[in-house]
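Input: a single structure, listed below in structure tokens.
Below, each value reflects all heavy atoms present in this structure, side chains not excepted, and no hydrogens, waters or symmetry copies. Proteins come first, then strands; the chains are lettered A, B, ... in the order of their sequence lines, and each starts at number 1.
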Number of protein chains: 2
Amino acid sequence: MIESTPVRTGRPDACASAPPPHPRPDGQDRYTISEVSAWTGLTAHTLRWYERIGLMPHVDRSHTGQRRFTNRDLDWLTFVGKLRLTGMPVADMVRYAELVREGEHTFEERQELLESTRRDVRARIAELQDTLAVLDYKIDFYAGARRAPERTT
Amino acid sequence: MIESTPVRTGRPDACASAPPPHPRPDGQDRYTISEVSAWTGLTAHTLRWYERIGLMPHVDRSHTGQRRFTNRDLDWLTFVGKLRLTGMPVADMVRYAELVREGEHTFEERQELLESTRRDVRARIAELQDTLAVLDYKIDFYAGARRAPERTT
DNA sequence: TAGGACCTTGGAGTGCACTCCAAGCAAGCG
DNA sequence: CGCTTGCTTGGAGTGCACTCCAAGGTCCTA
């Protein structure tokens with residue numbers, strides 16, 4: 001239902017940060033909320049909130065009702081973290097999560113949603129590179145002005 | 001006091017969007033708030049708010065107290081727009097604006113602030129490129145799964 | 001000189017994404 | 001058993017960046 005996230009890029013030692021290995025192998029993957037909080041950097045509050053708003057597939061519970069997260073949940077949270085970095089609103093992530101819950105007949109819509117996100121990400125990268133050029137220019141200006149303070153207008 | 005923003009990159013027809021020309025030449029540059037709003041895409045509310053919080057150098061006024069923005073103000077707003085794209089908090093932009101108001105003896109601190117911002121921007125670009133790889137992977141997955149629906153696990 | 005569009009202000013309201021609280025149940029240790 | 005630490009819930013609170021409002025003054029064109 002949830003496809004897995006790429007495990008390695010083709011290049012050895014690529015700049016992209018390596019995908020985090022799971023703390024425990026499949027089969028022993030029943031993490032408490034605080035373990036997941038430590039691993040993801042999200043607070044326990046946020047993890048519960050994500051579940052409430054439908055951003056998590058239903059999380060398993062212990063016999064006493066406490067959450068027990070799996071490696072699959074960790075993968076999902078890693079992916080959600082990527083989407084969050086793109087600036088995607090939480091509501092859109094919830095929409096994607098709903099599509100995942102609805103099964104394989106939503107593949108097309110999921111693909112479209114991700115392609116639209118990809119366009120946004122590319123646009124944002126371009127904007128940031130533009131900004132980088134401006135920052136470089138201004139930093140050079142300050143560096144130059146400080147080297148030759150008598151002629152800075 | 002405010003250094004100008006680069007007018008052209010070295011390459012002809014560079015991908016970076018060309019810096020916007022001013023609507024009117026220097027000397028006739030006394031824009032109302034709604035003109036500036038239309039030009040920048042910011043609402044009049046936001047422009048007033050920027051001034052209130054100290055994110056604008058003091059804006060000139062007409063004899064009756066209405067704001068009259070200059071080409072210099074437009075340049076500043078363009079730069080602020082770039083900083084905003086980087087995700088810099090408004091408080092940090094206000095800090096930079098204060099340094100500009102304080103004069104040339106703050107060149108060093110301004111340069112440091114921009115260099116720190118540049119590091120952030122570079123890091124964010126790297127994150128986004130990472131995310132792009134994940135999106136590409138998942139989009140390929142969906143495309144492949146839809147071409148060969150009998151073998152998707 | 002009348003009308004409508006535009007401008008002014010301080011302060012209050014909005015939407016987002018968390019973030020925290022109170023009260024109570026659960027788990028592990030000496 | 002008692003203690004500490006951790007987990008549960010619904011609902012309320014926070015911080016940021018706007019966004020809007022009411023009441024009134026200004027500008028321009030017919």
- prompt: Roughly how far, to the nearest 0.5 Å, is OG1 of T78(B) from CG of L74(B)?
  reply: 6.0 Å
task: Select base, sugar-phosphate, or nothing to describe what R67(B) touches, counting heavy atoms under 4.0 Å on all strands.
output: sugar-phosphate
message: Reading DNA chain C from 5' onward, which residue's closest nucleotide shows up sooner: S34(B) or Y50(A)?
response: S34(B)
message: Quick check: on DNA chain D, is the nucleotide nearest T64(B) upstream (toward 5') of the one nearest A91(B), or the reverse? Name the residue that is more 5'.
response: A91(B)
message: Please classify the nucleic acid contact of R68(B) as base, sugar-phosphate, or nothing, using heavy-atom distances under 4.0 Å.
response: nothing
- request: Decide whether I125(A) and M88(B) are clustered together by the hydrophobic rule: side chain heavy atoms of Ile, Leu, Val, Met, Phe, Trp, Tyr closer than 4.5 Å, transitively.
  value: yes
statement: Checking dA17(C), dC27(D), dT19(C) against the side chain of S62(B) (C-beta onward), the nearest is dC27(D)
- prompt: If we ignore angles and hydrogens, is there a donor and acceptor under 3.5 Å between the side chains of D73(B) and T70(B)?
  reply: yes
field: salt_bridge(R110(B), E102(B)) N-O dist < 4.0 Å
entry: no
query: Within this structure, what is the NE2-to-C1' distance between H63(A) and dA26(C), rounded to whole angstrom?
result: 9 Å
message: For the backbone of I33(A) and the side chain of S37(A), can you confirm whether one donor and one acceptor N or O come within less than 3.5 Å of each other?
response: no
statement: Separation of dG10(D) atom P from E51(A) atom CD, nearest Å, is 10 Å
- prompt: Are any of R61(A)'s side-chain N or O atoms less than 4.0 Å away from OP1 or OP2 of dT9(D)?
  reply: yes
- request: Round to the nearest Å and state the distance from L47(A) atom CG to dC20(C) atom P.
  value: 14 Å
task: Grab the CD-P distance between E35(B) and dC6(C) for me, whole Å please.
output: 11 Å
- request: Specify the separation, in whole Å, of atom CZ of R30(A) and atom P of dG6(D).
  value: 20 Å
message: Expressed as a whole number of angstroms, how long is the span from H45(B):NE2 to dC16(D):P?
response: 22 Å
Minimum-distance nucleotide (side-chain atoms of I33(B) versus dT8(C), dA17(D), dT19(C)): dT8(C)
message: How many whole angstroms separate atom CZ of R48(A) from atom P of dC7(D)?
response: 7 Å
message: Can you measure L55(A) atom CG to dC16(C) atom C1' for me and round it to whole angstrom units?
response: 14 Å
- request: Counting heavy atoms from C-beta on, name the nucleotide in dC18(C), dG10(C), dT19(C) closest to the side chain of R52(A).
  value: dT19(C)
- prompt: Want to settle it: does Q66(A) or W49(A) sit nearer the 5' end of DNA chain C, counting the closest nucleotide to each?
  reply: W49(A)
message: Heavy atoms only, 4.0 Å cut-off, all strands: where does T32(A) land among base, sugar-phosphate and nothing?
response: sugar-phosphate
